[in-house]
Amino acid sequence: MNVVLVNHSDTLGGASVVTFRLMEALRLHGIDAHMLVRDNQTDCPWVTCAASRWRAHIPFYKEHARIFLGNGLSRADLFKVSIATDGLSLSNHPMIKQADVVVLNWVNQGYLSLKEIRRIAAIKPVAWVMHDMWNLTGICHHAGECDRYTDACHHCPLLHTGASARDLSATTFRRKQRLYERTDIRFVAVSNWLAEKARNSALLRNQRVNVIHNPFDIDGLRPTNPLSRGALGLPENVPLVVLCAARLDDPIKCFDKAIDALNGITDTKAVAVLIGELRDHSLLSHIRLPFRHLGPIYDNRRLRSVFSHASAVLSTSSFESFGATLLEGQAVGATPVAPVHDGRGDIITDGESGYAFGPERSAAEALRMAINEPIAAETLREAASRYSYRSVASAYAKLFAEMVDNFQL
C-alpha cells in the first residue's frame, strides 16, 4: 500500500517529529510510506519537498495578510490562528496521484487550503491526524477556556477587532463545516482527550473520529550506550528532575508553575535539569532548587541519555494534546509527573504509570512522591510499550484498509 503523509515539515515542530516517526513505523510495518512537506530539513530519501522555498512562502504571506487585516491591523496573536484560505496545489502532485491513502497532518500556515483539501478528498481516501484542536475550532489551535466551538465560533478572543459575530473565526468555522459535510474524511485524534473534544464540538460531533496515539520508537528511546552524567555535565548520585520543551517559557508551558513545583522540593537532594530555549533567562534566578540549564539538545543520543539518568519528568503545561516528553521519560524508567485533565491522562494512571497533580495534590507533592516512591522502571517501560511503532502502525494499517475498501470516486 502506498501512503503519503502530508505535513508542514519533516522535523520542525512536535507534529513534524511524530509524523516522521509515523512514516518510519509504517515502513517497518511493510507500508510504502512517504512524506510530502513544505519545509524539508533532512536528506531522508522518503521525504519530498512540495515546492521551492519562494513558491511555498507566497500562500504563507497571503494567508497572514488576510489574518492581519481581519485582526484590525494588529500583530497580536497573529500566529496563534490559522484560516486555511491559501496554500499549495497538491491534488495534481504525482505523489498524491499515486497514493492509495493520503494522511493529512499539520498542514496550516499556508500549506494547504480547505479548497485544496476538498480536491484531494475527492480523488483519494483521506485521513486527517489532529495534533491540536484546530480541526474542531474556527481558527485557534488551542481553545483554552473558550468553549464557543461546541456551538459555533464567533467573537474570537484571539482576534482584536472588537466583538463580532462575523469575524474570521465565524467565517472559517462555516467553511470547515461545508468541507466536512461534503467530503469523506476520517479524523484521527492522538489522545482520548482530543477525541472527547471532537465529540463535543459542533464541527466534528457527527464525524468518524478514531483514537490512534503518536508512535514512539520505544527500543530506540533506551540508549544502549548512554553518555555518563559527567559527560553530560550532570551531578552524580542525586535524583534528577527533567523539564523539557522547545521553549521552556512559552506561556502554554506554564514555566512559573514548574518553578513553584521545583521550589517546593528544596528539602530533597534533587537537581532539576532544564532542556530547551529560554527567551527570558532572568526567570532562572527564581529557581531555588539546584539546577542545570542545558539549552536545546538536538542530538538524540545526548537527549535520550539525559532522560535515562532522570528519576522524574515534569510537565506543567496548561494543556497538551498528548505529552511526548512524559512518554520519552516513561520509556526509559523515569516517572512522569503531570496533570491528567488532557492528553497526558493517556500516559499517566496515577500511582501506576506516573503521578498526577491537580486540585487534590500539588505538583511539588507529586514530584516528591516520584523521587521518594519511584514506580518500578519495568512497570513504566511496559506502560510505554502501548505506543510502540508496531502497535501504532498496526492500528493505522487496519484503518487504511477500511478506508480503501469504502472509498468511492
Side-chain angles (χ1 to χ4, degrees), residues 1-29 31-60 63 79 82 84 87-91 93-113 116-117 120 124 126-132 134-135 141 188 190 212-217 220-221 244-247 276-277 296-304 321-322 324-325 327-328 387 389 392-393 396 400:
M1 180 178 288
N2 184 313
V3 174
V4 175
L5 307 172
V6 183
N7 194 71
H8 183 268
S9 173
D10 50 355
T11 58
L12 297 176
S16 300
V17 171
V18 295
T19 303
F20 191 93
R21 288 176 183 163
L22 176 56
M23 177 185 67
E24 292 181 322
L26 293 174
R27 295 192 69 84
L28 288 172
H29 198 73
I31 294 173
D32 188 18
H34 298 259
M35 285 185 73
L36 184 60
V37 302
R38 196 196 83 165
D39 295 314
N40 186 5
Q41 302 294 314
T42 70
D43 57 1
C44 177
W46 306 312
V47 177
T48 299
C49 194
S52 63
R53 185 174 294 274
W54 70 266
R55 183 182 167 205
H57 277 78
I58 292 174
F60 171 84
E63 177 166 314
F79 292 97
S82 298
L88 298 175
S89 177
L90 297 188
S91 55
H93 194 284
M95 289 179 63
I96 298 295
K97 288 186 172 183
Q98 294 164 13
D100 295 306
V101 174
V102 175
V103 183
L104 305 180
N105 286 269
W106 206 88
V107 293
N108 301 110
Q109 304 292 341
Y111 187 26
L112 277 184
S113 68
E116 191 63 15
I117 291 170
I120 294 172
K124 297 292 177 179
V126 170
W128 199 341
V129 182
M130 299 185 290
H131 295 277
D132 55 36
W134 187 80
N135 294 85
H141 294 272
V188 178
V190 299
I212 305 179
H213 294 100
N214 289 326
F216 290 83
D217 180 9
L221 288 175
C244 180
R247 179 188 155 201
E277 296 276 6
I297 298 178
Y298 302 109
D299 180 87
N300 276 337
R301 185 190 175 205
R302 188 175 183 84
L303 182 63
R304 291 168 181 176
S321 298
F322 185 63
T325 59
L327 195 282
E328 290 169 354
Y387 311 106
Y389 275 14
V392 174
Y396 270 107
F400 295 158

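You'll find the side chain of Val6 reaches within 4.5 Å of the side chain of Ile96, heavy atoms only. Between Val103 and Val3 there is a side-chain heavy-atom pair separated by less than 4.5 Å. In this structure, Val190 and His213 have side chains that are not in contact, with every pair of non-hydrogen atoms separated by 4.5 Å or more. Asn214 has its side chain out of reach of Val392: every pair of non-hydrogen atoms, C-beta onward, lies at least 4.5 Å apart.
Heavy-atom neighbours of Arg55 CZ from other residues, nucleotides or ligands within 6.0 Å: at or below the threshold of 12.
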Is there a side chain to side chain contact (heavy atoms under 4.5 Å, CB included) between His131 and Phe322? Walk through the geometry before answering.
CA-CA 8 Å; His131 295 277; Phe322 185 63; over 6 Å; no

Apply side chain to side chain contact (heavy atoms under 4.5 Å, CB included) to His141 and Trp106, showing your working.
CA-CA 10 Å; His141 294 272; Trp106 206 88; 3.5 Å; yes

Would Val107 and Arg38 satisfy side chain to side chain contact (heavy atoms under 4.5 Å, CB included), going step by step from the backbone distance to the final call?
CA-CA 9 Å; Val107 293; Arg38 196 196 83 165; over 6 Å; no

For Cys44 and Phe20, what are the C-alpha separation, side-chain angles and deciding distance, and is it a side chain to side chain contact (heavy atoms under 4.5 Å, CB included)?
CA-CA 10 Å; Cys44 177; Phe20 191 93; 4.0 Å; yes

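Residue Met95 forms a side chain to side chain contact (heavy atoms under 4.5 Å, CB included) with just one option from Thr48, Leu90, Val102, and that option is Thr48.
Across all their heavy atoms, Thr19 and Ala15 have their closest contact at OG1-O, 2.6 Å. Nearest heavy atom pair, residue Asn105 against residue Trp128, reads O-NE1, 3.2 Å. For the residue pair Ser9 and Gln41, the shortest heavy atom distance occurs at OG-CG, 4.0 Å. Nearest heavy-atom pair, Tyr111 versus Asn7, reported as atom, atom and distance to 0.1 Å: CE2-O, 3.2 Å. The minimum heavy-atom distance linking Val37 with Met35 is given by the pair CG1-CE, 3.8 Å. Between Pro59 and Leu88, the closest heavy-atom pair is CG-CD2, 4.1 Å.
At distances below 3.5 Å, not a single donor-acceptor pair connects side-chain atoms of His29 with backbone N or O atoms of Ile31. Using a distance-only test at 3.5 Å, with no hydrogens or angles considered, a donor-acceptor pair links the side chain of Lys124 to the main chain of Ala99. With hydrogens and angles ignored, the 3.5 Å screen pairs no side-chain donor or acceptor of Ser82 with any backbone N or O of Ala84. Although no hydrogens or angles enter the test, the distance criterion places a donor-acceptor pair under 3.5 Å between the side chain of Arg304 and the main chain of Gly220. Asn2 places no side-chain N or O within 3.5 Å of a backbone atom of Asp100 that could act as its donor or acceptor partner. The backbone N or O of Val47 sits nowhere less than 3.5 Å from a side-chain atom of Asp10 that would complete a donor-acceptor pair. Using modelled atom types, one side-chain atom of Glu116 and one backbone atom of Ser91 make a donor-acceptor pair closer than 3.5 Å. With hydrogens and angles disregarded, a donor-acceptor distance shorter than 3.5 Å links the side chain of Asn40 to the backbone of Thr42.
Ring-plane geometry between Tyr396 and Phe400 is classed as tilted, the angle between the planes lying from 30 to 60 degrees on a 0 to 90 degree scale.
Considering CZ of Arg21 and OH of Tyr389, their distance stands at 6.0 Å, rounded to 0.5 Å. Of the inter-residue distances, the one linking Gln109 atom CD with His8 atom NE2 reads 6.0 Å to the nearest 0.5 angstrom. To the nearest 0.5 Å, atoms NE2 (His93) and CD1 (Ile120) are separated by 10.5 Å.
The residues Asp32 and Arg27 are annotated as salt-bridged, a charged nitrogen and a carboxylate oxygen being separated by less than 4.0 angstrom.
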